[in-house]
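Okay, structure first, notes after.
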Amino acid sequence: MDPLHPACEPLNLLIGTWRGEGHGDYPTIDPFDYLEEVTFGHIGKPFLTYSQKTRHRDTNQPLHAEFGYWRPMTDGTLEVILAHPTGIAETIEGTLSLSENGKLLIKLTTTHIGLTATAKEVTQVARTITATPEILNYTLDMAAVDHPLQRHLEATLIKADEFQS
Ligand code: HEM
């Protein structure tokens with residue numbers, strides 16, 4: 001395996017596969033619970049690879065998925081680009097910080113959202129992630145379909161596997 005690029009060192013604890021459960025809601029939809037698997041990997045370059053997939057907790061039906069790249073900068077900022085199967089392309093940027101007890105905090109807000117001709121209207125996304133080597137929690141707020149920024153998702157994931165290149 002290629003050594004981790006030094007720029008990715010602050011995100012080192014994310015690398016591997018995480019599994020867990022989340023809850024979703026929005027004013028226009030029925031609330032739902034979901035199972036999620038997230039994998040962060042690397043190829044020795046100054047970004048992490050990212051993939052995510054979800055299933056409905058009760059029906060096991062596939063729900064949302066995402067692919068992308070996480071690009072940490074040397075000044076503590078973080079750039080993320082994500083592709084969604086719903087016709088949405090998200091560039092989301094913000095900050096990362098590591099507390100003295102080793103907890104990672106990431107706050108991201110969208111800088112651009114690209115929508116295909118038939119995608120639902122999403123105008124803003126805000127993501128907050130906190131992680132230790134064992135537990136990752138996140139929230140995702142969005143402004144969409146004429147509703148202001150508010151909670152769509154929150155989840156707790158557990159580190160399940162180390163990364164294999
Ligand atoms: C864990 C990830 C996610 C899961 C499990 C999830 C799940 C769902 C579900 C079950 C619905 C309702 C049924 C449907 O329209 O398919 C929905 C609606 C929606 N989601 Fe998500 N979603 C996720 C992430 C996202 C993200 C990242 C965005 C935006 C970038 C997003 C935007 C939307 C929109 C715009 C709707 C439609 C609301 C409406 O039609 O009124 N979702 N989501």
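Just so it is clear, the model here is predicted, and its values are computed rather than measured. Indexing begins at 1, ligand by ligand and atom by atom, following the structure's order. Basis for what follows: all heavy atoms, side chains included, without hydrogens, waters or symmetry-related copies.
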Quiz item: Taking the side chain from His5 and the backbone from Phe47, do they hold a donor-acceptor pair closer than 3.5 Å?
Solution: no

Quiz item: Of the choices Glu36, His147, His152, which has the non-hydrogen atom that lies closest to atom 43 (N) of ligand 1?
Solution: His152

Quiz item: If you count the atoms of ligand 1 from 1 in the order shown, which ones are under 4.0 Å from a heavy atom of Val122?
Solution: 35 (C)

Practice problem: Go through the steps to decide whether Leu14 and Tyr50 satisfy the test side chain to side chain contact (heavy atoms under 4.5 Å, CB included), and finish with yes or no. | Solution: CA-CA 10 Å; Leu14 293 179; Tyr50 166 81; over 6 Å; no

Quiz item: Short list, please: which atoms of ligand 1 are under 4.0 Å from a heavy atom of Glu66?
Solution: 27 (C)

Exercise. Could you tell me which atoms of ligand 1, counted from 1 in the order shown, lie closer than 4.0 angstrom to a heavy atom of Thr28?
Key: 38 (C), 39 (C), 41 (O)

Quiz prompt | Where ligand 1 meets Thr54 - atom numbers and elements under 4.0 angstrom, heavy-atom basis | solution = 1 (C), 5 (C)

Practice problem: With atom 33 (C) of ligand 1 as the reference point, say which of Met142, Lys120, Glu154, Lys53 has the nearest heavy atom. | Solution: Met142

Exercise. Using a strict cut-off of 4.0 Å, indicate which atoms of ligand 1 neighbour a heavy atom of Tyr138.
Key: 1 (C)

Exercise. Write down the atom of Tyr34, the atom of Thr54, and the distance for their closest heavy-atom approach.
Key: CD1-CG2, 3.8 Å

Exercise. Compute the ring centroids of His84 and His64, then answer whether they are less than 6.0 Å apart.
Key: yes

Quiz item: Do NZ/NE/NH1/NH2 and the carboxylate oxygens of Glu90 and Arg127 come within less than 4.0 Å?
Solution: yes

Quiz item: If hydrogens are left out, which of Gln61, Glu90, His64 has an atom nearest to atom 4 (C) of ligand 1, that is, the closest non-hydrogen atom?
Solution: His64

